[in-house]
K.L.:
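Take a look at the following structure, please.
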Amino acid sequence: MRVRFTKMQGAGNDFVVLDETAALLNLTADQYRFLADRHFGVGADQILSVRPAPAPDVDFEYVIHNADGGEVEHCGNGARCFVRYVRGQGLTVRNPVRVKVKNGVIELAEQPDGRVRVNMGAPVFDLPRVPFDSAGLTPLAEGGWQVWPLALEQAGGRGAACMVSVAVLSIGNPHAVQVVAQADTAPVAEQGPLIETHPAFPRRVNAGFMQVLDRRQIRLRVWERGAGETLACGTGACAAVVAGRRLGLLDERVDVHARGGLLTIEWAGGERDAVFLTGPAQTVFHGEIDLPGAPQPPAR
Ligand SMILES: N[C@H](CCC[C@H](N)C(=O)O)C(=O)O
């Protein structure tokens with residue numbers, strides 16, 4: 001099956017964008033994995049699908065699949081590319097654009113300076129909604145909030161276990177954020193997959209490693225659920241700033257230095273206050289590719 005796509009990136013987090021506004025593609029997990037494959041496919045951290053509005057109060061539906069083929073609830077860097085795509089392709093002239101994501105509606109606005117500002121909605125701290133299973137775990141009080149100590153053990157008991165303390169929250173998708181002294185030398189490759197698959201996270205989790213430079217700047221690396229370490233993670237940047245602010249370390253507006261670029265996060269600090277993510281969105285190229293496997297029958 002031949003599909004047209006657009007390759008995009010936001011602060012180095014890269015995407016294959018599929019325009020499904022005229023017809024749904026009904027791709028399989030294997031086909032999403034193929035598109036994301038950097039050797040046999042196009043190559044991307046996530047696949048973003050642009051779909052028709054499911055209700056009159058939104059302009060589009062925004063569906064995200066990780067490189068491992070699994071559908072996920074949200075992608076902040078992808079949201080910026082989404083609005084760049086739909087406006088650039090003339091699918092809408094609205095600004096901001098309202099899109100339906102799995103757990104709600106978000107607003108995406110192209111700014112005069114060319115960056116894109118996304119209203120990501122309010123963070124979620126209710127542990128069962130992250131979801132996080134805290135049974136058998138005792139939180140540590142930290143700066144007026146709490147962090148959760150997790151034992152990380154190599155598969156098969158190889159190597160010594162180590163303990164990390166993570167702040168746990170959802171930005172529509174699950175995040176576990178730890179404060180580290182130096183992001184550049186943080187053990188992202190070693191600890192990331194162990195945190196991602198820790199049994200306390202029944203749907204796995206994105207693992208953030210945050211170095212606080214000062215109250216208005218952090219350096220952040222994220223091992224993403226279903227994708228591994230990416231050059232930037234939009235929801236991860238939101239989660240890190242919200243966690244840092246609740247731990248008393250950060251102010252309302254923070255510049256997040258990711259490996260792939262700069263993101264700006266704003267959160268007033270109230271549990272019902274929306275988190276705002278501002279950053280770049282670039283189109284890299286357009287293309288077509290033959291997908292293995294037969295087209296799927298429409299979902300029932
Ligand atoms: N890996 C994430 C989805 C993509 C998030 C990230 N690319 C962003 O910009 O928010 C998850 O499984 O929840």
Side-chain angles (χ1 to χ4, degrees), residues 7-17 29 32-33 35-36 38 43-49 62-85 99 101-104 106 108 115-121 123-124 129-132 166 168-177 188 192-193 195-198 201-210 220-243 256-265 267 274-282:
K7 182 73 193 292
M8 301 187 77
Q9 60 87 10
N13 192 192
D14 66 337
F15 311 105
V16 166
V17 180
Y32 286 118
R33 277 192 289 272
L35 283 169
R38 298 191 185 281
D45 296 324
Q46 280 86 31
I47 314 296
L48 313 180
S49 293
Y62 167 34
V63 175
I64 304 112
H65 288 81
N66 276 326
D68 70 359
E71 184 179 347
V72 288
E73 309 89 344
H74 208 326
C75 177
N77 289 326
R80 298 198 311 277
C81 292
F82 189 104
V83 70
R84 182 80 82 223
Y85 179 84
V99 300
V101 288
K102 207 168 185 70
N103 293 341
I106 58 174
L108 325 171
R115 297 197 301 168
V116 178
R117 189 168 191 258
V118 183
N119 178 336
M120 298 287 285
V124 171
R129 290 177 55 205
V130 172
F132 176 65
V166 294
V168 174
L169 67 160
S170 170
I171 304 291
N173 59 347
H175 288 271
V177 183
V188 175
I195 298 170
E196 176 190 2
T197 57
H198 191 283
F201 296 98
R203 300 188 58 187
R204 295 183 292 155
V205 72
N206 298 284
F209 299 75
M210 164 170 63
L220 179 68
R221 292 172 67 189
V222 181
W223 176 274
E224 287 199 29
R225 175 181 61 171
E229 181 173 9
T230 57
L231 294 182
C233 178
T235 52
C238 296
V241 170
V242 169
V256 178
H257 300 275
R259 290 191 145 182
L262 177 70
L263 303 175
T264 300
I265 307 297
W267 184 52
V275 188
F276 290 88
L277 160 65
T278 301
Q282 304 288 339

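The basis for the numbers below is simple: all heavy atoms, side chains too, and nothing from hydrogens, waters or symmetry mates. In each ligand, atom 1 is the first atom listed, and ligand 1 is the first ligand listed.
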K.L.:
Which atoms of ligand 1 are found less than 4.0 Å from any heavy atom of N173?
P.N.:
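Atoms satisfying the 4.0 Å criterion: 2 (C), 11 (C), 13 (O).
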K.L.:
What I want to check is whether the side chains of N173 and T235 have a donor and an acceptor closer together than 3.5 Å.
P.N.:
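Yes, a side-chain donor-acceptor pair sits under 3.5 Å.
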K.L.:
Should the proximity of T235 to ligand 1, defined as any heavy atom under 4.0 Å, be assigned to the side chain, the backbone, both, or neither?
P.N.:
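Both backbone and side chain.
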K.L.:
Where do C238 and L277 come nearest, in terms of heavy atoms and distance?
P.N.:
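Shortest heavy-atom separation between C238 and L277 comes out as SG-CB, 4.0 Å.
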K.L.:
To the nearest 0.5 Å, tell me how far I171 CD1 sits from N206 CG.
P.N.:
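It comes to 10.5 Å.
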K.L.:
For ligand 1, indicate whether the residue N77 contacts it via side chain, backbone, both or neither (heavy-atom separation under 4.0 Å).
P.N.:
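The answer is both.
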K.L.:
Could you verify whether a donor N or O on one side chain and an acceptor N or O on the other, from S170 and H175, lie under 3.5 Å apart?
P.N.:
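S170 vs H175: no donor-acceptor pair found between side chains.
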K.L.:
Going by an N to O cut-off under 4.0 Å, is there a salt bridge joining K7 and D14?
P.N.:
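Here K7 pairs with D14 in a salt bridge, since their nearest N and O are under 4.0 Å apart.
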K.L.:
Using the side-chain hydrogen bond (donor to acceptor under 3.5 Å, both in side chains) criterion, which residues pair with S49? Sequence neighbours excluded.
P.N.:
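Applying side-chain hydrogen bond (donor to acceptor under 3.5 Å, both in side chains) to S49 gives E20.
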K.L.:
Tell me whether G78 has any N or O atom under 3.5 angstrom from an N or O of ligand 1.
P.N.:
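Not met; the criterion fails.
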K.L.:
Which residue and non-hydrogen atom of the protein lie closest to atom 7 (N) of ligand 1, and at what distance in Å?
P.N.:
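In this structure, atom 7 (N) of ligand 1 has N13 OD1, 2.8 Å as its nearest protein heavy atom.
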K.L.:
For atom 5 (C) of ligand 1, what is the nearest protein heavy atom, given as residue, atom name and distance?
P.N.:
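Of every protein heavy atom, E224 OE1, 3.4 Å lies nearest to atom 5 (C) of ligand 1.
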K.L.:
Which residue and non-hydrogen atom of the protein lie closest to atom 2 (C) of ligand 1, and at what distance in Å?
P.N.:
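Closest protein heavy atom to atom 2 (C) of ligand 1: N206 OD1, 3.2 Å.
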K.L.:
Have a look at A232, G172, C81, G234 and point out the one with the heavy atom closest to atom 9 (O) of ligand 1.
P.N.:
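Ranked by closest heavy atom to atom 9 (O) of ligand 1, first place is G234.
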K.L.:
Any nitrogen or oxygen of V72 lying under 3.5 Å from a nitrogen or oxygen in ligand 1? Just yes or no.
P.N.:
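So ligand 1 has no N or O lying under 3.5 Å from an N or O of V72.
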K.L.:
Do any heavy atoms of C233 fall under 4.0 Å from ligand 1?
P.N.:
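C233 counts as a contact of ligand 1 under the 4.0 Å cut-off.
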K.L.:
Considering E73, H74, H65, R225, which one's heavy-atom position lies nearest to atom 3 (C) of ligand 1?
P.N.:
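It is H74 that holds the nearest heavy atom.
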K.L.:
So, applying salt bridge (Lys or Arg N to Asp or Glu O under 4.0 Å) with E196, which one of R225, R203, R204 is it?
P.N.:
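Going through R225, R203, R204 one by one, the salt bridge (Lys or Arg N to Asp or Glu O under 4.0 Å) with E196 is satisfied by R204 alone.
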K.L.:
If you take all heavy atoms of A232 and E224, which pair is closest and at what distance?
P.N.:
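Nearest pair, atom of A232 first, then E224: O-OE2, 3.5 Å.
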K.L.:
Is ligand 1 under 4.0 Å from a heavy atom in the side chain of N66, in the backbone, in both, or in neither?
P.N.:
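Only the side chain of N66 comes within reach of ligand 1.
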K.L.:
Using a 4.0 Å heavy-atom cut-off, say whether T230 meets ligand 1 through its side chain, its backbone, both or neither.
P.N.:
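Near ligand 1, T230 shows nothing, with every heavy atom at 4.0 Å or more.
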K.L.:
Name the orientation class of the two ring planes belonging to Y32 and H65 (parallel below 30°, tilted from 30 to 60°, perpendicular beyond 60°).
P.N.:
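Aromatic pair Y32/H65 classed parallel.
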